[in-house]
Each structure stands twice: as C-alpha cells, then as structure tokens.
Amino acid sequence: MKFFDQVYAFVREIALGKVTTYGKIAKALGTKDARKVGWALHANSDPKTPCHRVVDRTGRVAPNFARLQRFERSDCGQAFDGWEEQKRRLETEGVTFIDDMHVDLKEHLWHRP
DNA sequence: CACCTGACAAATT
DNA sequence: TAATTTGCCAGGT
C-alpha cells in the first residue's frame, strides 16, 4: 500500500464534525514529510475522500485553496466548489470557526477511537 | 527519460 | 524571535 492510499484511508475515517491536520496524518503514517500528505490529497480524485476536513497546522484552510485557482472546482471531486463552500460544509457538519479562516482545532481535531 | 516542484511542519541556526 | 533547512514521494514537464 502506498502513502497515498494510507492518506486516503485515514482521511476517510474522520468523523463528521471533525478535522485533522497534515502533520497529524504524516505522523500517523510514520513519516515526517507532511508535504506528501498535501500532495496525496492534491492527487486524489476519489469522491469519497473528504478533503475539506484536512487543514494546516494552524487550522487555516481558506488561503491555501484560495490562492490556487485550480482547486476552486476541485481535483477533489465533490469536496470543493471553492473555499467558501468548504467553510460552509464544515460549519454544517458542526465545526466551529475561530475566525473567518481558522477552524477551532482545539475542539474539533480528530482523534481515533 | 531526467529534472523540477508541490494543499506542510518541526527542528535548527 | 525570525529565517533557514530537513523530511524525501509522486506526478508533471
């Protein structure tokens, strides 16, 4: 099994209303290279993978995607229609935001059962 | 077919 | 305290 597959599997385990970070995933997979995780999600085309529940270490999600035009329609299948859509989804799932761009990681960071 | 680069993060200097 | 380096895979050019 490749890193990508493990990333996808991990992301899919995230419960509704929860989020996780690139770093957490990287560690869980036994690597220090969080770039791979981001790259994995980038390369992902599986509509079942909830990429919108993965944010950076600070809980920031919008700027990352906003600055990369190509993600607005998404390589991530159903995941994004733009960063505002992503934020909306997260809020709908029960995730609270500290401000317009930061998820409340303290409350919603995913931990395995 | 070889080289470039990318949704990140944490330890050094 | 901020800037730099290390981690090191896969896909794109």
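Residue numbers start from 1 in every chain, and the chains themselves are labelled A, B, ... in the order their sequence lines are given, proteins ahead of strands. The figures here come from the full heavy-atom set of this structure, side chains too, leaving out hydrogens, waters and symmetry mates.
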(message) If I take atom OH in residue Y8(A) and atom P in nucleotide dC9(C), what distance separates them, rounded to the nearest angstrom?
(response) 16 Å
(request) Report the nucleotide, chosen from dG11(C), dC8(B), dG7(C), that has the shortest atom-to-atom distance to any side-chain atom of Y22(A). (result) dC8(B)
(request) Starting at atom NZ of K32(A), determine the distance to atom C1' of dA11(B), rounded to an integer number of angstrom. (result) 11 Å
(request) Counting heavy atoms from C-beta on, name the nucleotide in dA7(B), dC8(C), dA10(C) closest to the side chain of F4(A). (result) dA10(C)
(message) Nearest to the F3(A) side chain among dG11(C), dC8(B), dC9(C), which nucleotide is it?
(response) dC9(C)
(message) From CH2 of W39(A) over to C1' of dT5(B), roughly how many Å is that when rounded to an integer?
(response) 7 Å
(request) Flag the pair F97(A) / E91(A) as yes when at least one side-chain heavy-atom distance between them is below 4.5 Å, and no otherwise. (result) yes
(request) By nearest nucleotide on DNA chain B, pick out whichever of K36(A) and T58(A) is the more 5' one. (result) K36(A)
(message) Using salt bridge (Lys or Arg N to Asp or Glu O under 4.0 Å), reason through E93(A) and R53(A) one step at a time and then give a plain yes or no.
(response) CA-CA 10 Å; E93(A) 293 179 359; R53(A) 295 190 191 133; 2.9 Å; yes
(message) Rounded to whole Å, how long is the line connecting atom NZ of K27(A) with atom P of dG7(C)?
(response) 16 Å
(request) For R57(A), report the nucleic acid contact type (base, sugar-phosphate, nothing); a contact means any heavy atom under 4.0 Å. (result) sugar-phosphate
(message) Is it the case that the side chains of D33(A) and T31(A) hold a donor-acceptor pair, with the cut-off being a distance below 3.5 Å and no angle test?
(response) no
(message) Parallel, tilted or perpendicular, judged at 30° and 60°: which one describes the rings of Y8(A) and F4(A)?
(response) perpendicular
(message) Expressed as a whole number of angstroms, how long is the span from L29(A):CG to dA10(C):P?
(response) 12 Å
(message) Quick check: do I98(A) and V103(A) have side-chain heavy atoms less than 4.5 Å from each other?
(response) no
(request) Return the value, rounded to whole Å, for the distance between atom CZ of R35(A) and atom P of dG7(C). (result) 11 Å
(request) For nucleotides dA7(B) and dT13(C), find the distance between their P atoms and express it as a whole number of Å. (result) 14 Å
(request) Let me know the distance between CG of D56(A) and P of dA7(B), rounded to the nearest Å. (result) 12 Å
(message) Rounded to whole Å, how long is the line connecting atom CG of D33(A) with atom P of dG7(C)?
(response) 10 Å
